[in-house]
Novice: 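I'd like to ask some things about the structure below.
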Amino acid sequence: MRARHTFWFAAVGVALASANASAQTVPDTLDVRAAVVSTFDTNLLRLSEERAPGDRDDVRVTPQLDVNIRRLIGGRHQLTIGGTAGYDFHGRYSFLDRERIDLGADVNIVLGAFCNIRPGVRLNWGQAQLSDQGVIVGNTERRTDYEISLACRRPAGLYPRFAGRLTRVTNSAERRRVFNLNDDYVEAGLGYSLPSVGDVLLVGSYERFDRPVLRDIADLNDRTETYRAGLEFRRAVAPRISFRAAAYYLRVETEDDSWANFSGMGFRGGIEFRPAPSLEADIQLSRDIANQSNIATAYTIQTEARANATYRPSTRSQIRLGGRYLRRALRGQLIVDTPFPRERDATYGVFAGYSFDVTERLRAGLTARHEHRDAPLSFYRFSSTSGAASLSLRF
């Protein structure tokens with residue numbers, strides 16, 4: 001499983017879509033596909049040569065169901081359900097066999113001429129991310145996000161924005177229960193829209209990380225509170241290009257005095273452009289505070305860059321390219337399942353994919369990925385290359 005940090009972009013999108021929500025609703029969609037994905041990975045466990053000398057490759061086969069449903073309700077509101085649900089079967093590391101679920105649902109409710117409220121829920125269940133575990137065990141990490149956002153953007157003038165999220169993460173393995181995580185987030189903003197300029201928002205947020213089982217069992221209190229205050233700006237220059245940017249002050253306070261507090265600047269930004277109908281690109285940059293269940297740290301200061309591009313040579317084929325760079329500074333480290341402090345690390349990855357509609361109902365795809373992590377200690381370094389082939393059949 002992977003940590004997700006897209007809530008801020010989703011909340012901004014709700015704010016900007018609310019100006020003319022009824023005109024932007026998507027027609028009813030029902031797309032259900034049965035798929036099989038076969039993946040070969042040269043280092044499935046994400047371990048260094050020092051930790052696991054010899055062969056570390058494996059083949060994983062995942063039968064799954066892909067769902068994409070949109071329905072208009074009352075002509076104005078819209079229900080969206082999407083994601084995948086499947087099961088992983090491994091060749092060598094069968095102890096990692098388990099469900100793989102990433103499903104979300106939300107309802108876009110139009111209130112009056114300008115306001116939108118969007119409640120939603122997302123399930124992300126599967127094998128916990130192996131690259132951050134000290135001791136590799138089969139463990140289902142079950143993450144559930146409950147989200148809600150409200151925005152009343154006007155074509156011009158002031159408007160409010162509110163957003164909130166409750167995240168609960170539990171682990172099935174007994175020895176990983178200490179990493180169960182509660183993550184609570186609330187945000188309020190005041191925006192101003194000017195058609196010739198774009199949208200400017202003054203935003204403040206509060207977020208709390210807490211591992212209650214760790215505190216009860218190991219008597220370690222890693223609860224942290226994060227405060228953000230800053231400005232956001234977003235502008236759609238034309239149908240082919242849009243960008244957004246935010247800069248804010250960060251303050252992290254730890255409840256346990258033995259963990260260091262943090263103050264500094266954070267930012268998030270991105271640009272989406274479509275130079276041709278068949279070509280789309282998206283670039284994102286960010287620096288923020290984050291946390292996730294199965295990493296032994298109170299909080300993480302992370303800087304991330306992402307780039308993705310999609311090209312459609314024809315109506316039946318698609319090519320995707322992308323890359324990611326992630327640099328982390330780990331604070332308040334908990335030496336619970338690792339022999340040495342991680343301190344910091346840097347990970348980069350690249351991928352390429354091609355899909356082709358063989359028939360109206362049958363789709364085939366190929367994907368290649370490479371990931372490498374560097375760290376001060378060789379114990380935490382790894383490299384991995386993988387390739388996947390998929391077939392999906394639309395009902």
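For the numbers below, each heavy atom of this structure counts, side chains included, while hydrogens, waters and symmetry mates do not.
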Novice: Would you check if the side chain of T84 reaches a backbone N or O of D66 as a donor-acceptor pair within less than 3.5 Å?
Specialist: no
Novice: Taking the side chain from R46 and the backbone from S383, do they hold a donor-acceptor pair closer than 3.5 Å?
Specialist: no
Novice: Is any NZ, NE, NH1 or NH2 atom of the basic residue among E49 and R56 found under 4.0 Å from an Asp or Glu carboxylate oxygen of the other?
Specialist: yes
Novice: Any carboxylate oxygen within less than 4.0 angstrom of a Lys/Arg side-chain nitrogen, looking at D132 and R328?
Specialist: yes
Novice: Please check if Y248 and F209 belong to a single hydrophobic cluster, counting links between Ile, Leu, Val, Met, Phe, Trp and Tyr side chain heavy atoms closer than 4.5 Å.
Specialist: yes
Novice: Determine, stepwise, if the pair D88 / R98 fulfils salt bridge (Lys or Arg N to Asp or Glu O under 4.0 Å).
Specialist: CA-CA 5 Å; D88 290 340; R98 63 200 62 250; over 6 Å; no
Novice: Does V197 offer a backbone N or O that forms a donor-acceptor pair with the side chain of R235 under 3.5 Å?
Specialist: yes
Novice: Looking at T297 and T300, would you say the former's side chain and the latter's main chain have a donor-acceptor pair under 3.5 Å?
Specialist: no
Novice: Please determine whether residues L44 and V137 belong to a single hydrophobic cluster, defined as Ile, Leu, Val, Met, Phe, Trp and Tyr linked transitively by side-chain heavy-atom distances below 4.5 Å.
Specialist: no
Novice: Mind checking whether V107 and L30 sit in one hydrophobic cluster, side chains of I, L, V, M, F, W, Y counted as touching below 4.5 Å?
Specialist: yes
Novice: Okay, side chain of H77, backbone of V110: is any donor-acceptor separation there less than 3.5 Å?
Specialist: yes
Novice: Under a 4.0 Å threshold between the charged nitrogen and the carboxylate oxygen, would R223 count as salt-bridged to D210?
Specialist: yes
Novice: Are Y325 and Y348 near enough that their ring centres are under 6.0 Å apart?
Specialist: no
Novice: Does any N or O in the side chain of D357 come within less than 3.5 Å of the main-chain N or O of T359, such that one atom is a donor and the other an acceptor?
Specialist: no
Novice: Applying ring-ring contact (aromatic ring centres under 6.0 Å, His included), can you list everything that pairs with F243, at least two apart in sequence or on another chain?
Specialist: F233
Novice: Under the ring-ring contact (aromatic ring centres under 6.0 Å, His included) test, which residues partner F89, sequence neighbours left out?
Specialist: Y87
Novice: Tell me whether L158 is reachable from V200 by hopping between hydrophobic residues (I, L, V, M, F, W, Y) whose side-chain heavy atoms are closer than 4.5 Å.
Specialist: yes
Novice: Please lay out, stage by stage, how R306 and E304 fare under the test salt bridge (Lys or Arg N to Asp or Glu O under 4.0 Å).
Specialist: CA-CA 7 Å; R306 290 176 178 265; E304 184 176 16; 2.8 Å; yes
Novice: Identify, with sequence neighbours excluded, every residue that meets ring-ring contact (aromatic ring centres under 6.0 Å, His included) alongside F267.
Specialist: none
Novice: Hydrophobic clusters join Ile, Leu, Val, Met, Phe, Trp and Tyr when side-chain heavy atoms are under 4.5 Å apart, directly or via other members; which others share one with V37?
Specialist: none
Novice: Could you work out, with ring-ring contact (aromatic ring centres under 6.0 Å, His included) as the rule, every residue matching F356, not counting sequence neighbours?
Specialist: none
Novice: Hey, are R240 and E280 close enough for a salt bridge, meaning a charged N less than 4.0 Å from a carboxylate O?
Specialist: no
Novice: Between the main-chain N or O of A375 and the side-chain N or O of R381, is there a donor-acceptor pair closer than 3.5 Å?
Specialist: yes
Novice: What I want to find out is whether E147 reaches R118 closely enough, with some N-O distance under 4.0 Å, to be called a salt bridge.
Specialist: no
Novice: For the backbone of R92 and the side chain of D58, can you confirm whether one donor and one acceptor N or O come within less than 3.5 Å of each other?
Specialist: yes
Novice: If the test is side chain to side chain contact (heavy atoms under 4.5 Å, CB included), which one of R208, E255, R251 qualifies with E225?
Specialist: R208
Novice: Could R373 and F382 be counted as a cation-pi pair, given that NZ or CZ must be under 6.0 Å from the ring centre and within 45° of the axis?
Specialist: no
Novice: Between the main-chain N or O of A364 and the side-chain N or O of S355, is there a donor-acceptor pair closer than 3.5 Å?
Specialist: no
Novice: Using modelled atom types only, decide if a donor and an acceptor are shared between the side chain of R177 and the backbone of N180 within a distance under 3.5 Å.
Specialist: no
Novice: Taking 4.0 angstrom as the limit, do R244 and E272 come out as a salt bridge?
Specialist: yes
Novice: Which hydrophobic side chains are connected to F340, either touching it within the sub-4.5 Å cutoff or through other members that do?
Specialist: L377, F379, Y380
